[in-house]
Amino acid sequence: MRRPVLCLLAVLLLTAPALATDYRSSSRADLVTAIVAYRAALDRLVEFHVAAVSRAAGDVEKRRELLARGLVARRELEESERAFEMAEAKLAGTRREIVVTDHSLAEALIEDPPPLNRPTPPGRPSASDRFAAERYETTPFFVRYRGHARWTLAGAPRVQGFFARQFGRPLPVSAFGQTPLHDRLGFDHRDAIDVALGPDSPEGGALMSFLRGSGISFMAYRGPVKGEATGAHIHIGDASRKL
């Protein structure tokens, strides 16, 4: 079985210049280790759920045939159909957790930028002051923008409204604020949104332009290998940290 997440870890550890120099001794290394272990457990859980869905589908077909021959009651077929739906729901839920876990791993692998040493002039800052306080960085692995705006989840409707007007569909949010999965991983995601868009897609590019124009910080993660988009997403808000 291919392990694209582990490939991501290996490639970034070896080549990304923004990774911490003392990576192995940092709390971030502990976080990455925990996320990789959890991702491996999810891979095993997916295999279990796939097998359960296959068994449940077989049971439905068997009881449907038996019902047609008058050998079982319709109630038994309906029970099998409900079991099949539950098995599919569990598989879908685990796959959603994999998406969030991959996003968390991509975020944990990138070192936070150094704090901005910005002066605090009296009165309202000018446009030039705000521009000087911003930071933009792009690499083969990610795009990072540190903006002047103070972001909280209260600003989410504005971003969602922009995307809906621009593309006629809801913003594809994969994680909104702190989730039970982030709690299990020990990852602080309380004022962040993850969006399931790659930075090189037309929609991702439009979203990043809107965020940058609004001064909203974000990090956009690319897939590490050509043809792979594991972990690719746009993280709106300041970089997440270990709780």
Distance in Å, [X] [atom1] paired with [Y] [atom2], rounded so as to fall on 0.5 Å steps:
X: Ile234; Y: Leu207; atom1: CD1; atom2: CG; result: 4.5 Å
X: Glu203; Y: Leu171; atom1: CD; atom2: CG; result: 9.5 Å
X: Tyr221; Y: Phe142; atom1: OH; atom2: CZ; result: 8.0 Å
X: Leu45; Y: Ile98; atom1: CG; atom2: CD1; result: 8.0 Å
X: Ser54; Y: His49; atom1: OG; atom2: NE2; result: 14.5 Å

For [X] and [Y], work out which heavy atoms get closest and say how close.
X: Phe176; Y: Leu153; result: CE2-CD1, 3.8 Å
X: Leu181; Y: Glu97; result: CD2-O, 3.5 Å
X: Phe167; Y: Ala206; result: CZ-CB, 3.6 Å
X: Met219; Y: Ala239; result: SD-CB, 4.4 Å
X: Thr138; Y: Arg222; result: OG1-NH1, 3.8 Å
X: Ser214; Y: Ala149; result: O-CB, 3.6 Å

query = Are there more than 12 heavy atoms of other residues, nucleotides or ligands under 6.0 Å from atom CZ of Arg169?
reply = yes
message = With a 4.0 Å cut-off on N to O distance, would you call Glu79 and Arg75 a salt bridge?
response =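 Salt bridge between Glu79 and Arg75, a charged N being under 4.0 Å from a carboxylate O: yes.
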ask   = Are any of the side-chain nitrogens in Arg55 or Asp59 under 4.0 Å away from the carboxylate oxygens of its partner?
value =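 Judged by the 4.0 Å cut-off on N to carboxylate O distance, Arg55 and Asp59 do not form a salt bridge.
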Please check if [X] and [Y] belong to a single hydrophobic cluster, counting links between Ile, Leu, Val, Met, Phe, Trp and Tyr side chain heavy atoms closer than 4.5 Å.
X: Leu105; Y: Leu197; value: no
X: Phe141; Y: Met208; value: no
X: Val46; Y: Val99; value: no
X: Val100; Y: Ile35; value: yes

Side chain to side chain contact (heavy atoms under 4.5 Å, CB included) between Ile193 and Trp151, intermediate numbers included = CA-CA 11 Å; Ile193 300 174; Trp151 166 261; 3.8 Å; yes
ask   = When you check the side-chain N and O atoms of Arg184 and Tyr38, is any donor under 3.5 Å from an acceptor?
value =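 Yes, a side-chain donor-acceptor pair sits under 3.5 Å.
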query = For Ser174 and His103, does a side-chain donor sit closer than 3.5 Å to a side-chain acceptor?
reply = yes
message = Taking the side chain as everything from C-beta on, heavy atoms only, tell me whether Gln178 gets closer than 4.5 Å to Asp188.
response = yes
key: Student check: side-chain heavy atoms of Thr179 and His189 closer than 4.5 Å   = no
task = Give the C-alpha distance, both sets of side-chain angles, the deciding distance and a yes or no for side chain to side chain contact (heavy atoms under 4.5 Å, CB included) between Val60 and Leu77.
result = CA-CA 6 Å; Val60 169; Leu77 173 60; 4.3 Å; yes
ask   = Can you name the side chain to side chain contact (heavy atoms under 4.5 Å, CB included) partners of Arg165, sequence neighbours left out?
value =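 Listed in chain order: Phe162.
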Audit row: Arg158, Ile216, side chain to side chain contact (heavy atoms under 4.5 Å, CB included) steps and yes/no = CA-CA 11 Å; Arg158 180 167 171 248; Ile216 300 172; 4.3 Å; yes
request  = Could you tell me whether the side chain of Arg146 and the main chain of Arg135 form a donor-acceptor pair under 3.5 Å?
outcome  = no
message = Walk me through whether Asp191 and Asp238 qualify under side chain to side chain contact (heavy atoms under 4.5 Å, CB included).
response = CA-CA 8 Å; Asp191 264 321; Asp238 291 333; over 6 Å; no
query = Can you list the residues that meet the side-chain hydrogen bond (donor to acceptor under 3.5 Å, both in side chains) rule with Arg64, with sequence neighbours excluded?
reply =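 Scan of Arg64 (side-chain hydrogen bond (donor to acceptor under 3.5 Å, both in side chains), adjacent residues dropped) gives Glu61, Glu81.
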ask   = Using 30° and 60° as the class limits, which term best fits the ring planes of His182 and Phe187: parallel, tilted or perpendicular?
value =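 Aromatic pair His182/Phe187 classed parallel.
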